[in-house]
Amino acid sequence: MEIARQLLPDIQVIKQRGSGKGDALRAGFNAARGDIIVMLDADGSTDPAAIPVFVSCLLTGVDYAKGSRFLPGGGTADMGLLRKIGNWAFVLMVRRLFGGKYTDLCLDIMRSGKTH
């Protein structure tokens, strides 16, 4: 937090009440303000240079833009076979329950409503 304050003295640091990544995301989303919210893991697994592509979709009227490690141009070096199988099973379950054409369930940039 000290380094963040050195770089951005007026930064707002949100502390989560519970524990885990899901709780941290909920706390951050609840505190977020603005028309476009970008969610990016801090482990370097996502190239921030892709953000303008997602934002451009949102600026055309799409309400939700999502990336995928499993489409051409994507990829991952930190997912073993068991996690890939588990992710694919989860994707299929979400497709069946909620529809959509998801191939991965991460890399979210959102507004509110339609999907891309």
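The analysis underlying the following values was restricted to heavy atoms, covering all of them including side chains, and did not include hydrogens, waters or symmetry mates. Not measured: the values here are computed from a predicted model.
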Donor-acceptor check, side chain of Asn87 to backbone of Arg83, threshold 3.5 angstrom: yes or no?
no
Can you name the nearest heavy-atom pair linking Ala24 to Gln16, along with the distance?
CB-OE1, 3.2 Å
Quick check: is Val62 connected to Val53 through a chain of hydrophobic side chains (ILVMFWY, heavy atoms under 4.5 Å apart)?
no
Determine whether Leu59 and Ile36 make a side-chain contact, defined as any pair of heavy atoms from C-beta on separated by less than 4.5 Å.
yes
Test item: Ile37 and Met39 side chains (from C-beta on) under 4.5 Å apart, heavy atoms
no
Contacts of Thr103 meeting side chain to side chain donor-acceptor pair (under 3.5 Å) (sequence neighbours excluded), chain-then-number -> Ser68
Connected via hydrophobic side-chain network under 4.5 Å: Tyr102 and Met93:
yes
For Lys21, side chain to side chain donor-acceptor pair (under 3.5 Å) partners two or more places apart:
Asp41
Is it true that, when you exclude Ile3 itself, more than 12 heavy atoms of the residues, nucleotides or ligands shown sit nearer than 6.0 Å to its CD1?
no
Under 4.5 Å between side-chain heavy atoms, chaining through other members, with only Ile, Leu, Val, Met, Phe, Trp and Tyr counted: pull out the rest of the cluster around Ile85, sorted by chain and number.
Leu81
Do the side chains of Leu97 and Val91 join up, straight or via other hydrophobic residues, at under 4.5 Å, putting them in one cluster?
yes
Separation between OG1 (Thr60) and CG (Leu58), nearest 0.5 Å, reads 7.5 Å
Enclosure of Ile11 CD1 (heavy-atom neighbours >12, cutoff 6.0 Å):
yes
